[in-house]
Amino acid sequence: MLPIPANELNGSGALGPYWTFYHAVVAEQLRQWLPERPSLLLDLSGGRGRWTAQVARAGHRVIQVMDFRRLSEPWLRDASDRVQKVRADDLDFLPDACVDAVIAEERALSVEIMAESVIQDVARVLKPGGRALVCVDSLVLGMAILAEQNYWAHLCQTGEVMLVPWPDGSITRCFTSVQLRELLTAAGLEVEWVRPRTVLSPSTVDHVLSTGGHSLARLVRTELATRPDEEDTVGIHLVASARKKG
């Protein structure tokens, strides 16, 4: 899939239909990933996105970590009795092996530059057999942003860690599929799968959605049925599922 221009990454503009599809994919992927039985989940998405509300509606209890550095989305300000919100910049307030699953959506591990420290904490608070679902910025996205800013020299420096400055002054950490897998295994987690969040291109999505009917549902099913090579880094975001041993 071709990189999406940085000015379209906020979900507005000409790529509105693509982002409708993107969020539908995330919601269905999360639905399929969630534990079957009522569980306690930790959400590290910083109060952004609809995912905490979706988890609560599925019957789970959620500890939502609200990062002081990131603004929450309006639709998450009204928490249900299943959601406990905590303002914190680390997980020291949680004891070992206390949650059944961890969600780190909304590029949480890319926004947090020291991702190794975060994932070590995730592994610590997970119960044996607990799972983590994480989403990060891909190397493809990082290189596209650098190219748009004419940082051509930086494009040659794609070694161990790639930190990318955004036009708004923020910094994001971008990963290859291999680097994401290594990040998780180094924390003692067993990787179940790594894949691009989406492989269908915006132009394909726009064309299919223009036909109307139940095209969005068909697109989502097609996307999630796709089995891309786990060693390839395509698309703007990568997503992975990992399990704690035991």
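Predicted, not measured: the structure shown is a model, and the values here were computed from it. Computed over heavy atoms, backbone and side chain alike; hydrogens, waters and symmetry mates excluded.
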message: To check you understand the geometry: which heavy-atom pair defines the closest contact between Glu223 and Leu200, and what is its length?
response: OE1-N, 3.2 Å
task: Sort and list the pairs that fulfil salt bridge (Lys or Arg N to Asp or Glu O under 4.0 Å) and have at least one residue in residues 132-147, not counting sequence neighbours.
output: Arg107-Asp137
- prompt: Any donor and acceptor pair, going by atom type alone, linking the side chain of Thr211 with main-chain N or O of His207 inside 3.5 Å?
  reply: no
- prompt: When you look at CZ of Arg243, are more than 12 heavy atoms from neighbouring residues, nucleotides or ligands closer to it than 6.0 Å?
  reply: yes
field: Flag side-chain contact, heavy atom, 4.5 Å: Arg173 against Gln179
entry: no
message: Strictly distance-based, threshold 3.5 Å: is any side-chain N or O of Gln54 a donor or acceptor partner for the main-chain N or O of Ala27?
response: yes
message: Please report the interatomic distance CG(Leu109) to CG(Leu184), rounded to the nearest 0.5 Å.
response: 8.0 Å
query: How many angstroms lie between OH in Tyr18 and CG in Leu219, if you round to the nearest 0.5 Å?
result: 11.0 Å
query: Considering the options Asp121, Asp100, Val99, which one meets the side chain to side chain contact (heavy atoms under 4.5 Å, CB included) requirement together with Leu42?
result: Val99
message: Do Glu105 and Leu133 make a side-chain contact, defined as non-hydrogen atoms from C-beta onward lying under 4.5 Å apart?
response: yes
query: Same cluster or not: are Val125 and Phe93 linked, directly or through other Ile, Leu, Val, Met, Phe, Trp or Tyr residues, by side-chain heavy atoms under 4.5 angstrom apart?
result: yes
query: Relative to each other, are the rings of Trp51 and His23 parallel, tilted or perpendicular (30° and 60° limits)?
result: tilted
task: Identify the heavy atoms of Ile145 and Val164 that sit nearest to each other, and give their distance.
output: CG2-CG1, 3.7 Å
- line: Closest non-hydrogen atoms of Ala101 and Leu126, given as atom of the first, atom of the second and distance, are CA-CD2, 3.7 Å
field: Pairs involving residues 20-32, ordered by first then second residue, that meet salt bridge (Lys or Arg N to Asp or Glu O under 4.0 Å) (sequence neighbours left out)
entry: Glu28-Arg31
field: Thr226 backbone acceptor or donor facing Arg195 side chain under 3.5 Å
entry: yes
message: Under a 3.5 Å threshold, yes or no: a donor from one side chain and an acceptor from the other, between Glu192 and Ser241?
response: yes
task: Could you tell me which non-hydrogen atom of Val62 sits nearest to which non-hydrogen atom of Ala56, and how far apart they are?
output: CG2-N, 4.2 Å
message: Any side-chain to backbone donor/acceptor pair from Ser138 onto Gly235? Under 3.5 Å, distance only.
response: yes
statement: Between Arg124 and Leu94 the two heavy atoms that sit nearest each other are NH1-O, 2.9 Å
message: Quick check for you: to the nearest 0.5 Å, what is the distance between Glu116 atom CD and Glu182 atom CD?
response: 10.5 Å
Check: Arg197 and Val26 side chains under 4.5 Å, non-hydrogen atoms: yes
- prompt: So do Leu91 and Leu44 actually touch side chain to side chain, heavy atoms under 4.5 Å?
  reply: yes
message: Let me confirm one number: the CE-SG distance from Met143 to Cys174, rounded to the nearest 0.5 Å.
response: 10.5 Å
query: Taking side chain as C-beta onward, heavy atoms only, is Ser177 less than 4.5 Å from Leu238?
result: yes
Lys244 side chain vs Ala123 backbone, donor-acceptor pair below 3.5 Å: yes
field: Under 3.5 Å donor-acceptor, Arg218 side chain and Val208 backbone
entry: no
- request: Check each of Val136, Leu141, Val134, Leu163 against Ser110 using the side chain to side chain contact (heavy atoms under 4.5 Å, CB included) test, and report the only one that passes.
  value: Val136
Non-hydrogen side-chain atoms of Leu146 and Pro165 separated by less than 4.5 Å: yes
query: Does a side-chain heavy-atom distance below 4.5 Å link Ile103 with Trp33?
result: yes
query: If you look at every heavy atom in Pro17 and Leu209, which pair is closest and at what distance?
result: O-CD1, 3.5 Å
Atom pair CG/CD of Leu40 and Gln84 - distance to nearest 0.5 Å: 9.0 Å
message: What's the separation between atom NZ in Lys127 and atom SG in Cys98, rounded to the nearest 0.5 Å?
response: 8.0 Å
Sub-4.5 Å side-chain heavy-atom contact between Ser45 and Thr52: no
